[in-house]
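This report concerns only the one structure given below.
A note on names: the letters A, B, ... follow the listed sequences, proteins ahead of strands, and every chain is numbered from 1. Quick caveat, the model's predicted, so the values are computed rather than measured.
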Number of protein chains: 2
Amino acid sequence: MKEKSSKASFAAAKRRTECVCINLRRMSRTVSQIYDDALAPADIKITQFCLLRAIERIGPTGVGALAEDQELDRTTLTRNLALLEREGFIEQAPGPDRRTSLTRLTRAGTAAVARALPHWERVQDELRDALGDETLKKLNEIQATISAAAAGSGKS
Amino acid sequence: MKEKSSKASFAAAKRRTECVCINLRRMSRTVSQIYDDALAPADIKITQFCLLRAIERIGPTGVGALAEDQELDRTTLTRNLALLEREGFIEQAPGPDRRTSLTRLTRAGTAAVARALPHWERVQDELRDALGDETLKKLNEIQATISAAAAGSGKS
DNA sequence: GAAAATTAGGTGCATATACTCATATTATAT
DNA sequence: ATATAATATGAGTATATGCACCTAATTTTC
């Protein structure tokens with residue numbers, strides 16, 4: 001159990017801690033596939049499911065506000081919404097402003113969420129079993145910290 | 001400090017634990033932008049930097065083996081490599097097999113990694129400061145668990 | 001040794017993501 | 001009232017990602 005040197009141990013520990021970013025990207029990819037597989041019977045992707053749920057939660061909303069809520073680039077959201085509209089899951093209503101139109105769920109959209117929900121709950125529970133409840137909470141905390149840090153430094 | 005009921009508390013806790021997948025995707029997006037911003041002076045993206053480093057680490061390799069190492073879809077990797085080749089950072093050498101050609105770094109690729117490395121180390125340290133060393137280790141553990149779980153269930 | 005199975009890889013298509021630039025609308029300052 | 005600033009959004013372009021399908025080369029079977 002002897003160590004070569006404390007310097008070497010430190011270097012080894014640092015090496016084991018790989019790039020945080022690629023680590024997160026890898027987890028994101030892997031877990032996205034797990035969720036997409038689980039939602040496949042409901043014929044919807046996890047990204048779209050969560051986007052529909054967000055719109056359902058916050059009610060009719062403009063693109064900018066929704067993008068801020070999701071911490072997603074506004075122009076990315078525009079294209080994601082276009083797909084959901086093509087599927088008939090959302091529709092545009094006139095907003096308080098001629099610049100803005102409000103996005104809201106259609107009946108088909110509400111139905112799609114309801115249809116996919118049991119599948120989502122199942123895979124979410126499976127992941128909870130695999131990782132542990134504390135780990136899931138920890139992930140939420142880390143996410144909040146990262147968002148706060150990014151919001152603090154980035155925007156003007 | 002009274003609770004309405006243990007049932008309600010449980011539901012509230014469950015609600016606070018949002019979709020793990022979207023949580024990870026959000027972190028992945030946010031952190032990727034932090035790293036991309038940090039690497040911008042070196043004119044390279046974090047995805048490409050880490051891919052170059054992986055090739056540097058494991059030496060000349062075929063697409064399939066590299067994809068497995070990165071836990072990245074093989075066809076995704078093909079296109080990511082095409083961009084790096086276009087930039088002159090990697091090149092193809094004949095493999096042991098007429099089906100396979102080995103990818104390796106060029107001098108320009110090695111130089112690009114060296115040029116970006118200090119920027120990467122800086123942002124990595126900043127994130128370590130913001131999140132704490134224990135959290136970074138925890139993230140690595142979670143990543144390993146997720147990969148193991150996905151490998152265990154998915155592949156045949 | 002030839003047919004069949006396996007292995008290695010690429011292409012077409014689709015979604016997800018973000019940056020830059022352009023446009024239209026509203027609010028503000030004078 | 002008008003020029004200007006601020007706001008809200010979309011379109012063009014580019015990278016990242018994965019699935020279904022296809023081709024070529026090698027290995028295995030008989």
Side-chain donor/acceptor pairs under 3.5 Å, residues 78-93 of chain A, sequence neighbours excluded:
| unit_1 | atom_1 | unit_2 | atom_2 | d |
| --- | --- | --- | --- | --- |
| A:T78 | OG1 | A:R74 | O | 3.2 |
| A:R79 | NE | A:T75 | O | 3.3 |
| A:E91 | OE2 | A:R104 | NE | 3.0 |
| A:E91 | OE2 | A:R104 | NH2 | 3.4 |
| A:Q92 | OE1 | A:S101 | OG | 3.1 |
| A:Q92 | OE1 | A:T103 | OG1 | 3.1 |
| A:Q92 | NE2 | A:T103 | OG1 | 3.4 |

Provide a list of protein-nucleic acid N or O atom pairs under 3.5 angstrom, restricted to nucleotides 10-12 of chain C.
| unit_1 | atom_1 | unit_2 | atom_2 | d |
| --- | --- | --- | --- | --- |
| C:dG10 | OP2 | B:T78 | OG1 | 2.9 |
| C:dG10 | N7 | B:R74 | NH1 | 2.9 |
| C:dG10 | O6 | B:R74 | NH2 | 3.0 |
| C:dG12 | N7 | B:R79 | NH2 | 3.4 |
| C:dG12 | O6 | B:R79 | NH2 | 2.6 |

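- Residue contacts shown for A:G95 are absent, as no nucleic acid heavy atom lies under 4.0 Å away.
- Here the closest heavy-atom approach between residue B:K138 and residue A:T135 is recorded as NZ-OG1, 3.3 Å.
- Residue contacts shown for B:R26 are absent, as no nucleic acid heavy atom lies under 4.0 Å away.
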Residues 33-57 of chain B side chain polar contacts: donor-acceptor under 3.5 Å, at least two apart:
| unit_1 | atom_1 | unit_2 | atom_2 | d |
| --- | --- | --- | --- | --- |
| B:Y35 | OH | B:Q124 | OE1 | 2.6 |
| B:D36 | OD1 | B:I46 | N | 2.9 |
| B:R57 | NH2 | B:D69 | OD2 | 3.1 |

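- Distances shorter than 4.0 Å separate none of the side-chain N or O atoms of B:Q33 from OP1 or OP2 on C:dT17.
- Look at A:N80 and you'll find a side-chain N or O under 4.0 angstrom from OP1 or OP2 of C:dT17.
- Within 4.0 Å (heavy atoms only), B:T47 reaches sugar-phosphate atoms of the nucleic acid but no base atom.
- The side chain of B:R29 places an N or O atom within less than 4.0 Å of a non-bridging phosphate oxygen (OP1 or OP2) of C:dT17.
- Residue A:D36 is out of contact with every strand shown, counting any heavy-atom pair closer than 4.0 Å.
- The listed nucleotides are C:dT15, C:dT17, D:dA8; the one nearest the side chain of A:R86 is C:dT15.
- Taking 4.0 angstrom as the limit, B:Q48 places a side-chain polar atom (N or O) nearer than this to OP1 or OP2 of D:dA16.
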